Amino acid sequence: MAYAEVSVNSPIAQRRTFSYAIPPGLSVDVGQAVWVPFGDKLLQGIVLELSHYPAVEETREIVGVIEPCPLLSPCQVVLARWISEHYLSSLFDAVALMLPPGFERKVVTFISGLPSPRQYDVSSLTQGQRYVLDLVHSKDRVGLRELEKALGKKRAQSIVSQLVRRGLAVRSYELEKVKVQSKTVPYLRLLVEASEARQEAARLHEQGKAIKQASLLEFLSQRAQPVALSEAKKGANCDKAVADALVSKGLVTVQQIEVRREPISYQSITPSLPLTLASAQKSALQSIRSSLLQVKEGYTPPVFLLHGVTASGKTEIYLQALAEAVKLGKRGIILVPEIALTPQTIERFASRFPHKVAVLHSKLSLGEQFDEWQRIRNGGFDVVIGSRSAIFAPQPDLGLIVIDEEHEWTYKQHDKSPRYHTRDVAIKLAELSGAVVILGSATPDVETFYHAQRGDYQLLQLPERVTPSEGSPLPQVAVVDLRDELKAGNRSLFSRSLSRAIAKAVAGGEQVILFLNRRGAATFIQCRNCGLVLHCRRCEVALTYHSAGDALVCHQCNYRISMPQVCPRCLSRRIKFLGVGTQKLEQEASYAFPQARRLRWDSDVTKGKHSHQEMLNKFRDHQADILIGTQMIAKGLDLPLVTLVGVISADTGLNLPDFRAGERTFQLLSQVLGRAGRGTLWGQVIIQTYSPEHYAIQTAAKHGYALFYDKEIAYRRQLHNPPFTRLACLVYSHTNNVLCQREAERMKRIIIEERDSRGITDLSLIGPAPTFIRRLRGRFRWQIILRGSELPAFLAQIPIPQGWTIDIDPIGLA
Ligand code: ADP
Ligand code: ZN
Ligand code: ZN
C-alpha cells in the first residue's frame, strides 16, 4: 500500500490522522513510529492505518522510520482510537499512553553527503560551506550539534540549510539514546584457598580475637563462588568494617559485579505453592477457568466482578487464575491502585511466579523503565504489575487482566488528558484481545455492582474471610457520637471509649491504627481579632499549618510560606489553630498515651524510594504500638497484631457537594475496618462521628455492602445520577474571572442550540457555575455539567476552543 494514516505529535492534530505517501523502498507497518513533515517542522508520528488511497489530494512523504519494529500492537492501535473518541482527547495523547517510556526524547540531527552529489563548482562555495562539506565527506555523517559547537549555533544552521537547498547534503534524524546505567554490586572473593581460610578462622577463634572476622572467613570458605557483600553481611552477621579488615589483611578482595536490575529483590522471597481453595473460592476460580479455556477468535469472555470482603481470598484467586492463563500460553496484567502501597501483593506474585514478574514503578529511572518495557515486549514476563498506566504495557499474548480494588479513584486519570478510566479501558482492551477481566473489590463501585446485577458482568461472591485458624471473624464496630462527648465535657480528639480501648490494647502488647484523612497539624489558622483566614495566593483554599518547618502549605499547589508571627491584616498576635491533621493527632496521642511508641505514616513522611516498605516493616516488627495515618494506611495491609482501629473523624469527606460523597465515605470506612483483626487476635473498630445516623456510616459499621448498595442505588435512580445517566464536565479556566464566566455562558448557548437543533431530548445541562475550588494556581474556573446518554458523540460535533478541558464520566469535584 502506498499511503499511511499517521497520528502526528502536534497539538493542532487533535483527534484526526494525516495522510502521507510512503516513499518507494521504505517499508512501513501499522503501529510503527515515523518521522513526518508537518508545516515547516519534522514531527514524530505513529502509523495507524495503511491504505491504497490518501484521504486528501496532495500528500507529503514520510521522511523515515524511527524504530524498526512497530511500537503499538494492532489491538493497541484500535484502543488508542477508541480512547480518543470516547474521552475526546487528542489522538496522539491517546497513542502516547502506549509508547515506550521516554519516547518523546530529544531529536538528534545528523548531516551527511549524498552518495552521488550534483556537480558543483567548489569556488562557488563559501569558506564555511566548504568546511562543512569536507567534514561531512570525511565521515559518514556529522552531528549538527558538533557543527554548532565549532561554528556557532546560528552560523552552523544556516550553512546546513544552504547546503541542503543546493542538494549537496541531507539531514537525517534520530532519537537521543536512552541512557541506562548499568548497576554493579560489591562481591567478596577469597584470595586464599578455602582450607587456608578455615585454618585462619580457627586460629582467630583460638586466640579469642576478631571473632567476627573469623566467622566471615568461615562463611566465605563454605562458598565456591564470590558472595554478594549484602548476603555475606547477613550470613555471617557482621558489618562492612569486618570485611574491610579482611581486605586489609589480604585475605579477601572486593569485586564490583554487574547485575541485572530487578525491581523485586528475591533474596527475602521464598517460592510458594498454590493454596487449597475454600469452596467459595473454588467455584469462583472454576468460572474464570472455564472462560479462559473457551477463548478463541470471535469469543468475548465475560467481565467478572469478584466481590469478597477483605481477606476472603481474592488475591489467591488472581494468583491461581494467572497460573491457569500461563498454562494456556497466555500472560497477564495485574493492576493495583498504587504500586508503592502494595508491597505485600507484589511479594505474593513474586513468590508464586519467581523472576516472571515485571513491576512498573514510576520511581524507576527512565532508563530502567525503558529496559523493563523492552523486556515485557519481548515476552520476558508472565505478569506485569503496576498502577493504572500498566494497562498499556506491551504485554504479548494477553489472556488475563485483573483490576484489584476496582472501586479506587486512582484508576481514573483526572488531571491530564486523556481523562480515561482504567476499568473501561481494560474492558475495551479485553474485548479487542480476547482477554478475561477480573474486577476485584470488597466494596465495588456502585456502578460496577449495578452492571453485575444487570448481568453485564458476571458476579462471583466470596462472602466470608478465609481464616487461618478459627476465631478472627469480621471485627466488631462501635460508632461513637462526638456530640455526646462534647456534652460530657470531653474536648479531646479521643472519645472516652476510644481512649480506654487504646490504653488497653497497648498495655496488652497489641497494636493500634488511628486513621484521619487529613495531613498537617491544623487545617487552617484564623486571627482571633479580625477573623482573617489565611488563603493560598493562587488558589481559593485555606492554607494548612504544618508543624514541621513551622509553615503554611497549600495542599492544591504546594505554595508554602513560613508561619506569620502576627496577623497580616490587623497585626494581632492572637492566631488560632483550627481543625486537625495527622501531625496534630500524633501530638495529642503523645500527651494522652505517653508510654506508647508512635509512628506517623502520611505522604509528608514517605517521600523516598523505599519509605513505604520501611514504615510497613517497622510497624510489622512491632517497633511501634500506634500507627497514625491518612487513607494510605487503609490500603491492603496485612498486620496481624493490630486489634484496634480508631477512626478519628468519619465526617471529613461527607459534607462535600458531590453525589458520590456517601459512597466514598462508605468505601473508606470499610477499607479501614478491614485492617483490624487480620491475625488470630480479635479485632475492634471505633468510628467517631458527628453524624452517626448517616447511612454510609451506619451500613459500613454493619459490614453491610448490600444494605449500602440498596440505599445508594435508590438515591442514584431518584436523582438521575450515574449509572442511570452519564456525565461530562466541561471546565474553562482563565486568569480573568469575568472573561472566564463569559466564555462559559457562550459555550452553554452553543450546546443548547446544538441540542435543540438536533432534537436531542435526554440531554440536560447544569451551570455554568464556579468549580468547587474557584481559583486554582492563579486561574479562575467555571464549569458546565452535562447529563445524557451519548455525550462523547454529541460533544465531538461542537467546536471547543483552547482553554477548555473535557472530562467524560468525571469522578469527584472539578
Ligand atoms: P483478599 O485478597 O480478599 O484480601 P487474600 O487472598 O489476601 O484475601 O487472603 C487473605 C489471607 O488468607 C492471606 O494470608 C492468604 O494467604 C490466606 N488465604 C487465602 N486463601 C486461602 C486458602 N484457600 N487457604 C488458606 N489460606 C488462604
Ligand atoms: Zn487579624
Ligand atoms: Zn495553592
Side-chain angles (χ1 to χ4, degrees), residues 272-285 306-322 334 336-337 342-349 351-352 402-406 438-444 460-470 472 474 524-544 551-561 564-576 620 634-640 670-671 673-680 773-779 781:
S272 72
L273 291 170
L275 302 172
T276 309
L277 296 183
S279 70
Q281 285 176 308
K282 236 183 236 160
S283 65
L285 183 68
L306 182 60
H307 176 213
V309 294
T310 43
S312 59
K314 296 185 291 296
T315 310
E316 185 61 32
I317 292 188
Y318 307 153
L319 288 162
Q320 299 202 16
L322 179 63
I334 311 287
V336 292
T342 36
Q344 288 173 324
T345 307
I346 294 168
E347 275 174 28
R348 284 171 72 182
F349 276 90
S351 81
R352 205 65 68 79
V402 173
I403 305 187
D404 189 30
E405 310 285 354
E406 66 87 32
I438 307 176
L439 309 174
S441 176
T443 53
L460 307 171
Q461 303 251 33
L462 302 178
E464 274 159 37
R465 283 190 168 182
V466 197
T467 44
S469 69
E470 58 213 270
S472 129
L474 290 168
F524 59 99
I525 61 162
Q526 188 172 38
C527 170
R528 285 194 161 175
N529 190 41
C530 74
L532 177 74
V533 172
L534 277 186
H535 279 78
C536 175
R537 275 194 343 198
R538 306 193 291 155
C539 313
E540 204 158 295
V541 291
L543 293 168
T544 302
L552 293 173
V553 180
C554 171
H555 280 190
Q556 293 299 325
C557 74
N558 268 334
Y559 170 74
R560 175 184 277 268
I561 52 171
Q565 298 298 309
V566 295
C567 169
R569 186 157 74 193
C570 74
L571 303 183
S572 158
R573 288 184 167 275
R574 296 170 59 218
I575 292 177
K576 192 161 99 180
R620 215 169 8 180
K635 306 275 149 77
L637 301 182
D638 202 351
L639 301 162
S670 304
Q671 217 162 52
L673 261 51
R675 294 313 115 217
R678 304 248 328 175
T680 48
I773 296 172
R774 297 156 158 271
R775 196 161 66 107
L776 195 65
R777 294 167 207 271
R779 298 174 77 88
R781 304 181 318 143

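These numbers were taken from a predicted model, which means no experiment stands behind them. Every number for a ligand or one of its atoms is a count from 1 in the order of the listing.
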Exercise. Does a sphere of radius 6.0 Å around CD in Gln461 hold more than 12 heavy atoms from other residues, nucleotides or ligands, not counting ones at 6.0 Å or beyond?
Worked result: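 Enclosed.
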
Exercise. Is it true that atom CZ of Arg774 has more than 12 heavy atoms of other residues, nucleotides or ligands lying nearer than 6.0 Å?
Worked result: no

Exercise. Rounded to 10°, how big is the angle at the Zn ion (ligand 2) from Cys570 SG to Cys567 SG?
Worked result: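 Value, to the nearest 10 degrees: 110°.
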
Exercise. With the Zn ion (ligand 2) at the apex, how many degrees lie between SG of Cys527 and SG of Cys530, rounded to 10 degrees?
Worked result: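 So the angle at the metal works out to 110°.
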
For this session: Answer yes or no for Gly308: is there a heavy-atom contact with ligand 1 below 4.0 Å?
Result: no

For the pair [X] (side chain) and [Y] (backbone), establish whether a donor and an acceptor sit closer than 3.5 Å, ignoring hydrogens and angles.
{"X": "Gln526", "Y": "Gly531", "answer": "yes"}
{"X": "Glu316", "Y": "Leu275", "answer": "yes"}
{"X": "Gln320", "Y": "Leu285", "answer": "no"}
{"X": "Lys314", "Y": "Val309", "answer": "yes"}

Can you list the atoms of ligand 1 that are under 4.0 Å from a heavy atom of [X]?
{"X": "Ala278", "answer": "23 (N)"}
{"X": "Arg348", "answer": "5 (P), 6 (O), 7 (O), 15 (C), 16 (O)"}
{"X": "Val309", "answer": "3 (O)"}
{"X": "Lys314", "answer": "1 (P), 2 (O), 3 (O), 6 (O), 8 (O)"}

Problem set entry | Pair Arg775-His535, side chain to side chain contact (heavy atoms under 4.5 Å, CB included): steps then yes or no | CA-CA 11 Å; Arg775 196 161 66 107; His535 279 78; over 6 Å; no

For this session: Taking 2.8 Å as the upper limit, name the protein N, O or S atoms near the Zn ion (ligand 3).
Result: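 Near the Zn ion (ligand 3), the protein supplies Cys536 SG, Cys539 SG, Cys554 SG, Cys557 SG.
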
For this session: Determine, stepwise, if the pair Thr345 / Tyr318 fulfils side chain to side chain contact (heavy atoms under 4.5 Å, CB included).
Result: CA-CA 11 Å; Thr345 307; Tyr318 307 153; over 6 Å; no

For this session: Pick whichever of Gln281, Lys282, Glu405, Gln344 has a heavy atom sitting closest to atom 19 (C) of ligand 1.
Result: Gln281

Seminar exercise, completed: Nearest heavy atom to atom 26 (N) of ligand 1, choosing from Ile317, Thr276, Leu275, belongs to Leu275

Problem set entry | Test side-chain contact (heavy atoms from CB on, under 4.5 Å) applied to Ile317 and Leu462, Val402, Leu460, Leu322, the passing residue | Leu462

Exercise. Quick one: does Leu319's side chain get under 4.5 Å of Ser272's, heavy atoms only?
Worked result: no

